[in-house]
Every structure is written in structure tokens, then in C-alpha cells.
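Report on the following structure.
Here the structure is a predicted model, which means the values were calculated and not measured.
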Amino acid sequence: MINIKTSIKCAKTDFIKWALNSRMIILAVLVVFIYICAIQPLKENAALMGKPLNAIEPYIAALNSGSLLLIIPLGFLAISSDFPKIDGSAMFGLVRTGRVNWFCGQLLSLVMMSAAYLAFIFAASVIPTALESVWGTSWSDVALHFSVEFPDQAQSYGALLLPKNLFNHLSLTGAALQSTLFVFIYIILLGMIMMCFTILGKKTMGVIVCGGMISIGSALCSIIASLMWALPMANSIVWLHYTEFRRAPFYPIWCSGLYFGVFIVLLIILSLIRLKKFDCSANNSEG
């Protein structure tokens with residue numbers, strides 16, 4: 001029987017350990033990538049037009065950038081590669097709390113970790129331009145009209161950070177919410193893969209599988225291959241679902257929601273089945 005209080009305590013303990021991990025120094029590198037790949041190009045476009053950005057546009061750009069959506073999942077993988085941590089003390093906790101309570105605690109911890117990671121990305125994207133940007137629910141003139149006023153730079157990196165596929169189909173708020181949701185469940189899926197492989201006693205293989213999925217998915221998205229929809233990266237990039245002008249989506253957004261939902265549920269079921277046979281006397285996750 002699930003004890004909610006026990007699961008929450010387990011999640012809180014693991015989340016604090018994760019947040020205080022020395023690997024968090026990697027986030028400083030992530031900030032630099034976000035600034036170079038999303039913030040700086042948009043600031044340069046705004047300077048050329050002499051008009052301000054909307055404050056959350058760099059965040060939307062970061063979650064829809066092909067280069068950053070290679071770095072962002074890899075960054076999470078790097079700071080969370082020991083999730084779920086099953087050492088000697090964790091084994092003792094697993095036995096004391098019960099397998100199902102421990103598993104529910106790990107799921108809650110994963111949700112908290114993913115939310116905190118995206119909150120950090122939001123802060124890193126918004127804070128550098130907050131004082132020189134406008135706040136509101138409308139796309140800025142920089143996003144909407146830069147390519148019209150500077151046609152010779154319409155295919156530049158900065159101009160493509162906020163493509164027509166986004167602002168012709170979604171409001172600013174809708175683009176922000178959908179981008180956040182799909183990157184969030186993408187990270188959850190990566191965490192569930194690591195969870196499943198850890199319970200199978202193959203944690204290192206789980207990290208390799210996640211890294212391979214991220215790298216191959218990025219490569220397929222860069223060439224817009226049909227096979228890209230078989231991997232989570234394409235399903236997490238909102239603008240890829242839409243055409244530039246037509247209302248009909250290129251790939252229905254609900255299909256991506258179903259894709260993530262099915263795989264996450266299957267991984268939870270597989271993990272629970274395997275957890276019943278998990279040897280709590282082992283002292284490491286490699287079996």
C-alpha cells in the first residue's frame with residue numbers, strides 16, 4: 001500500500017541531495033550556451049530594429065533551438081546521471097520505506113528535478129534582458145517583422161530562432177506553455193529510461209541509451225528526416241509541428257503528447273514489474 005507521506009519524504013531527501021550535488025557547476029556552462037545561442041542573437045536583432053524584445057521570447061527561443069535542445073537534455077543528463085542513486089544508504093532506505101513507496105518517491109523527485117531545471121533555464125533566459133525588454137502577452141515587433149525589415153538577414157541564425165511556424169500559429173503564451181510542457185516531459189522520459197535501466201542493474205547502459213537518443217534525434221531534426229518523429233527530440237520541438245503559413249499542422253501536437261504518455265507509462269509499468277524482483281541485498285545499481 002502506498003504511503004504518500006513516506007514517498008514525499010523520500011522525494012524531498014533525494015531532491016536536496018541532487019540540488020547540492022557538485023555537478024551543478026555544469027549549469028554555469030549552460031548559462032553561457034543559452035546566452036550565446038539564444039539571447040545574444042535576439043538582442044542584436046532588437047538593436048538593429050531599435051525595438052525591444054518581449055521578455056520571455058529568449059526563453060521560447062531556447063526551448064525551440066536545435067542547438068540548445070541538444071545541450072539542454074545533455075545538461076540534465078550530466079547533472080542527473082546518478083538518478084536514481086542506489087548506494088548502501090539508499091538500499092537501506094528502500095527496504096525501510098518499501099519498494100512501491102520508494103519508487104513513487106523517485107517519480108516525485110524526478111518531477112521536482114525536471115521542474116527545477118526548467119525554472120533555472122527560464123531564469124537564465126529571461127534575467128539578462130529583463131530590464132531592456134517589455135512584458136506582455138504579444139509577440140514583439142522583433143519576432144514578427146525582423147525578416148520583413150531586413151530581408152537580406154531573413155535566413156540568419158537570429159531570425160530563425162523565432163520562426164514563422166511559431167508566431168503564425170500560436171500566441172506568445174501558447175508557445176511558451178507548449179514549449180515548456182514538451183521539453184518537461186522529454187526530460188521526464190529521459191529520467192524514466194535511467195530509472196528503468198538502474199532497476200535492471202544496467203545504469204551505465206541507461207545513460208548511454210539516453211545520450212544516443214539525444215544525439216541521433218538532434219541529427220535527424222537538423223536534416224528534417226521523417227524518422228525524427230520516432231525519437232523524443234522532434235516531438236519536444238513545438239515549431240516543427242507546424243507549417244509556416246497554413247493552419248493545418250505538419251504533425252499534430254496531440255500525437256507527440258500521446259507519444260510521450262505511452263512511453264512513460266510503459267517505462268513505469270516495466271520498472272514496477274522489475275522492482276518486485278530487485279535484489280535489495282546488492283550494493284550498487286550495476287548488479
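A distance-only check finds a donor-acceptor pair linking the side chain of Ser125 to the backbone of Ile121 [under 3.5 Å]. Looking only at distances, no side-chain donor or acceptor of Ser218 sits under 3.5 Å from a matching main-chain atom of Ile214. A distance-only check finds a donor-acceptor pair linking the side chain of Ser156 to the backbone of Gln153 [under 3.5 Å]. Not one N or O on the side chain of Asn21 forms a donor-acceptor pair closer than 3.5 Å with the backbone of Lys17. In this structure, Ser7 contributes its side chain and Asn101 its backbone to a donor-acceptor pair below 3.5 Å. A donor-acceptor pair under 3.5 Å is formed between the side chain of Ser236 and the backbone N or O of Met233. Judged purely by atom type and a 3.5 angstrom limit, Asp141 has no side-chain atom pairing as donor or acceptor with the backbone of Phe146. Between the side chain of Asn168 and the backbone N or O of Glu244 there is at least one donor-acceptor pair closer than 3.5 Å. Ser80 places no side-chain N or O within donor-acceptor distance of the main-chain N or O of Leu77, the cut-off being under 3.5 Å. Between the side chain of Trp239 and the backbone N or O of Phe167 there is no donor-acceptor pair closer than 3.5 Å.
Side-chain rings of His169 and Tyr242 approach one another, their centers coming within less than 6.0 Å. Annotation: His241 is in aromatic contact with Trp229 [ring centroid separation under 6.0 Å]. Ring centroids of Tyr186 and Phe182 are separated by 6.0 Å or more, keeping the two rings apart.
Remark: Leu270 CG to Leu200 CG distance equals 6.0 Å, nearest 0.5 Å. Note that OG of Ser67 and CG of Leu70 are 8.0 Å apart. Values are rounded to the nearest 0.5 Å. In this structure, Leu240 CG and Leu166 CG are separated by 9.5 Å, a value rounded to the nearest 0.5 Å. Once rounded to the nearest 0.5 Å, the distance linking CE of Met195 with CD1 of Ile264 reads 11.5 Å. Summarising the geometry, atom CE belonging to Met192 is positioned 9.0 Å from atom CD1 belonging to Ile188; distances are rounded to the nearest 0.5 Å. Taken from CG in Asn45 to NE2 in His145, the straight-line distance is 14.0 Å, to the nearest 0.5 Å.
In terms of heavy atoms, Gly105 sits closest to Ala11 at O-CB, 3.2 Å. Contact between Ser81 and Met194 at its shortest, heavy atoms only, is CA-SD, 4.3 Å. Residue Thr129 comes nearest to Ala55 through the heavy atom pair OG1-O, 4.2 Å, listed as atom of the first residue, atom of the second, then distance. In terms of heavy-atom proximity, Ile60 sits nearest to Ser179 at CG2-OG, 4.5 Å. Minimum interatomic distance between Leu48 and Phe150 (heavy atoms only, all atoms of both residues): O-CZ, 3.7 Å. Shown here for Asn54 and Ser133, the closest heavy-atom pair between the two residues is C-CB, 4.1 Å.
The side-chain heavy atoms of Trp135 and Val126, taken from C-beta on, include a pair separated by under 4.5 Å. Two residues are said to be in side-chain contact when any heavy atoms from C-beta on lie closer than 4.5 Å; Ser65 and Leu161 meet this criterion. A 4.5 Å side-chain heavy-atom check between Ser140 and Glu57 finds at least one atom pair inside the cut-off. The side-chain heavy atoms of Leu69 and Asn64, taken from C-beta on, include no pair separated by under 4.5 Å. Between Leu63 and Ile72 there is a side-chain heavy-atom pair separated by less than 4.5 Å. Taking the side chain as every heavy atom from C-beta outward, Phe122 and Ile56 approach each other to under 4.5 Å. Counting heavy atoms from C-beta on, the side chains of Asp14 and Met112 never come closer than 4.5 Å. Counting heavy atoms from C-beta outward, Leu53 and Glu132 have side chains that stay 4.5 Å or more apart.
Salt bridge status for Asp82 with Lys203: absent, with no side-chain N to carboxylate O gap under 4.0 Å.
In this structure, Ile223 places its CD1 atom where more than 12 heavy-atom neighbours from other residues, nucleotides or ligands lie under 6.0 Å away. The local environment of CD1 in Ile25 is sparse, with at most 12 non-hydrogen atoms from other residues, nucleotides or ligands closer than 6.0 Å. Annotation for Ile4: atom CD1 does not count as buried by contact number, only 12 or fewer foreign heavy atoms lying within 6.0 Å.
Each of Phe184, Phe83, Phe120, Tyr117 was compared with Phe76 under the ring-ring contact (aromatic ring centres under 6.0 Å, His included) criterion, and only Tyr117 meets it.
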Take Gln106 and Cys10 through the side chain to side chain contact (heavy atoms under 4.5 Å, CB included) test and state the conclusion after the steps.
CA-CA 7 Å; Gln106 296 306 308; Cys10 180; 3.8 Å; yes
I'd like to know whether Ile79 forms a side chain to side chain contact (heavy atoms under 4.5 Å, CB included) with Trp18, so could you lay out the CA-CA distance, the side-chain angles of the two residues, the decisive distance to 0.1 Å, and finally the verdict.
CA-CA 8 Å; Ile79 63 176; Trp18 172 79; 3.6 Å; yes
Could you check Asn235 against Tyr251 for side chain to side chain contact (heavy atoms under 4.5 Å, CB included), going step by step and ending with a plain yes or no?
CA-CA 9 Å; Asn235 288 278; Tyr251 185 84; 3.7 Å; yes
Intermediate values then yes/no, side chain to side chain contact (heavy atoms under 4.5 Å, CB included), Ile199 and Phe103
CA-CA 10 Å; Ile199 293 173; Phe103 183 77; 4.2 Å; yes
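Cluster annotation: Leu189 and Leu272 are assigned to the same hydrophobic cluster (Ile/Leu/Val/Met/Phe/Trp/Tyr, side-chain heavy-atom contacts under 4.5 Å, transitive). No continuous path of ILVMFWY side-chain contacts below 4.5 Å connects Leu266 to Val209, so the two sit in separate hydrophobic clusters. Both Phe250 and Leu162 are part of a single hydrophobic cluster, where members link through side-chain heavy atoms under 4.5 Å apart. Note: the hydrophobic cluster containing Ile224 also contains Ile237 (ILVMFWY, side chain heavy atoms under 4.5 Å, direct or indirect links). Cluster membership check: Ile269 does not share its hydrophobic cluster with Val111, using side-chain heavy-atom separations under 4.5 Å among Ile, Leu, Val, Met, Phe, Trp and Tyr.
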Can you list, pair by pair, the side-chain donor-acceptor contacts under 3.5 Å of residues 27-44, counting residues two or more places apart and other chains?
none

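Lys9 pairs by the side-chain contact (heavy atoms from CB on, under 4.5 Å) definition with Lys5, not counting sequence neighbours.
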